[in-house]
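What follows is one structure encoded as structure tokens, with my remarks underneath.
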Protein chains: 2
Amino acid sequence: MSLRYAILGFLGSTPGTGYMIAREFAQGAGAFWSALPSQIYPELRELEQLGWISGEQDDSDRLGRRLFRLTPVGATALQAWVEAPTDYPPERDPERVKLIFLDRSDPDLIRHHLESHIAHHREKLATWQSMRAAMTDGSHRQMAARLAQRPKREHDLVLLTKLLAYDGNIARAELEIAWAEGAIARLEVLCERQVSKVEQV
Amino acid sequence: MSLRYAILGFLGSTPGTGYMIAREFAQGAGAFWSALPSQIYPELRELEQLGWISGEQDDSDRLGRRLFRLTPVGATALQAWVEAPTDYPPERDPERVKLIFLDRSDPDLIRHHLESHIAHHREKLATWQSMRAAMTDGSHRQMAARLAQRPKREHDLVLLTKLLAYDGNIARAELEIAWAEGAIARLEVLCERQVSKVEQV
DNA sequence: CTGCCCATGTAAATCGTTACATGATTAC
DNA sequence: GTAATCATGTAACGATTTACATGGGCAG
């Protein structure tokens, strides 16, 4: 269900076409929820049938793209969803599954997995740090549009929820990197002990 | 695909029935990959058809339960999968989606969400800490069976990969708690500033 | 005029959840 | 005897990915 509400949330900042939304879920919003065009276009039609969004034909657009807007009913549905208690998805971590069964592999191969883990999260970290930075300078169109709807005294709160979200992701990425570095160190300590045992014999 | 290999991994430690496997994915292995019986039973049949596991009728069992074992072919397939590079699943975090769109809600409600976040991860933390503890004393049957197959000099490595996995999850839970506590503090600072502004007017 | 990105989709397959069915065993 | 747990599933649905189709605009 989250995709549905993530789309509503996006359209709550500013109207958008299917393509714009798809681009967002591949990049910006993709930091928190990712989705492909093939899932987004059908969802938009369902949301329109529900009356939660409405699509106007934009004649100024040379291609016949439709610009979708959040309706008042849609805004209410969105508000109800975000305020309802979260149900947390079950744990599903393919890298952990690999790690626990990697005990029949060469330690070098384990180390290589951990290094890939670090590389993966370094990339995430860089992405999220630059996205966070874009929140605070005025460069983020979405954010500017969202702030423009609200009185000045609420701007700090609007900004804070985004910063908290990015900071959480940044902290997660940093943790994964630190964890994997520690794991490599522990693995190496173990290997050295093994070697010295063998040497003793 | 991970479920398939997680099942193989489990059966690589010790043979098991469908029910035992289902129980494991609801509890023990559920720390890293969770799955329901309705997904596990069909998967077992597919794995048997592939020849990656084999199920023997156990006559000593009053119920006609079948005991599945990993075959050599299955062991090879498992090894190939765990050693192959991981592809990391896309980001999909419903709590973050809620948070970024909670900026139209009362800060008390935001705080309540963050407190639920803490409660959720405190539970996870407790679970994982006790699971980790069970790894190091001899109480874990799976682990004992896995160690029994291997020469003593490899025991440290077998144990290490599990400890690393649990420690990673524990660190994640601690991070989520710390993050949410910090978030509540930042939210309160903001609210106090708002109040004092209003008082000045 | 060729190749690339823009833009909007459909269809099929895969993965996971929810709901339900069934019968046997064990604890109280 | 009755409730809980053991044990094995099936069916339908929902969510997501993969693969494919299509046509317009634009840069070289």
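Worth saying up front: this structure is predicted, and the values here are computed from it rather than measured. Just so we're on the same page: letters track the sequence lines, and every chain starts at 1.
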### Task
Could you tell me whether A:P90 contacts a base, only the sugar-phosphate backbone, or nothing, with contacts defined as non-hydrogen atoms closer than 4.0 Å?
sugar-phosphate
### Nearest-Å distance for atom pair CE/P, residues A:M1 and D:dG14
8 Å
### Side chains of B:K98 and A:Y5 in contact at under 4.5 Å (non-hydrogen atoms)
no
### Distance in angstrom units between A:Y41 OH and D:dA19 P, rounded
20 Å
### Task
Any ring pair (Phe, Tyr, Trp, His ring centres under 6.0 Å) involving residues 136-159 of chain A? Give me the pairs, sequence neighbours left out, ordered by first then second residue.
none
Please table the atom pairs, donor to acceptor, closer than 3.5 Å between any side-chain atom in residues 165-173 of chain B and protein atoms at least two apart or in another chain.
unit_1: B:D167; atom_1: OD1; unit_2: B:R132; atom_2: NE; d: 2.5
unit_1: B:D167; atom_1: OD2; unit_2: A:R186; atom_2: NH1; d: 3.0
unit_1: B:D167; atom_1: OD2; unit_2: A:R186; atom_2: NH2; d: 3.0
unit_1: B:D167; atom_1: OD2; unit_2: B:R132; atom_2: NH2; d: 3.2
unit_1: B:N169; atom_1: OD1; unit_2: A:R96; atom_2: NE; d: 2.8
unit_1: B:N169; atom_1: OD1; unit_2: A:R96; atom_2: NH2; d: 3.2
unit_1: B:N169; atom_1: ND2; unit_2: B:A31; atom_2: O; d: 3.1
unit_1: B:R172; atom_1: NE; unit_2: A:E176; atom_2: OE2; d: 2.7
unit_1: B:R172; atom_1: NH1; unit_2: A:D93; atom_2: OD2; d: 2.9
unit_1: B:R172; atom_1: NH2; unit_2: A:D93; atom_2: OD2; d: 3.0
unit_1: B:R172; atom_1: NH2; unit_2: A:E176; atom_2: OE1; d: 3.3
unit_1: B:R172; atom_1: NH2; unit_2: A:E176; atom_2: OE2; d: 3.3

### Task
Return yes if a side-chain donor-acceptor contact under 3.5 Å exists between A:S105 and B:Q79, otherwise no.
yes
### Message
On the nucleotide D:dC6, are OP1 or OP2 found under 4.0 Å from the side-chain N or O atoms that B:Y19 carries?
### Response
yes
### Query
Of A:R45 and A:R92, whose closest DNA chain C nucleotide lies nearer the 5' terminus?
A:R45
### Message
Just to be sure I understand the geometry, which residues of residues 28-38 of chain B put a non-hydrogen atom under 4.0 Å away from DNA chain C?
### Response
B:W33, B:L36, B:S38
### Query
Over how many whole Å does the gap from B:D87 atom CG to D:dT17 atom C1' extend?
12 Å
### salt bridge (charged side-chain N to carboxylate O under 4.0 Å, His left out) contacts in which one or both residues fall within residues 33-43 of chain B, not counting sequence neighbours
B:R4-B:E43
### Message
Please report the distance, rounded to the nearest Å, between CD in B:E48 and C1' in D:dT8.
### Response
14 Å
### Query
What pairs of residues pass the salt bridge (charged side-chain N to carboxylate O under 4.0 Å, His left out) test when at least one of them lies in residues 22-40 of chain B, not counting sequence neighbours?
none
### Task
To the nearest Å, give me how far apart CG (A:L3) and C1' (C:dG16) are.
16 Å
### Task
Grab the OH-C1' distance between B:Y5 and C:dC15 for me, whole Å please.
15 Å
#### Entry: B:E91 CD to D:dT17 P, straight-line distance once rounded to whole Å
12 Å
#### Entry: Partners passing side chain to side chain donor-acceptor pair (under 3.5 Å) against A:T14 (at least two apart in sequence or in another chain)
none
### Query
Within this structure, what is the CD-to-P distance between A:Q39 and C:dT14, rounded to whole angstrom?
17 Å
#### Entry: Upstream residue (5' side of DNA chain D) when B:M20 and A:S2 are each assigned their closest nucleotide
B:M20
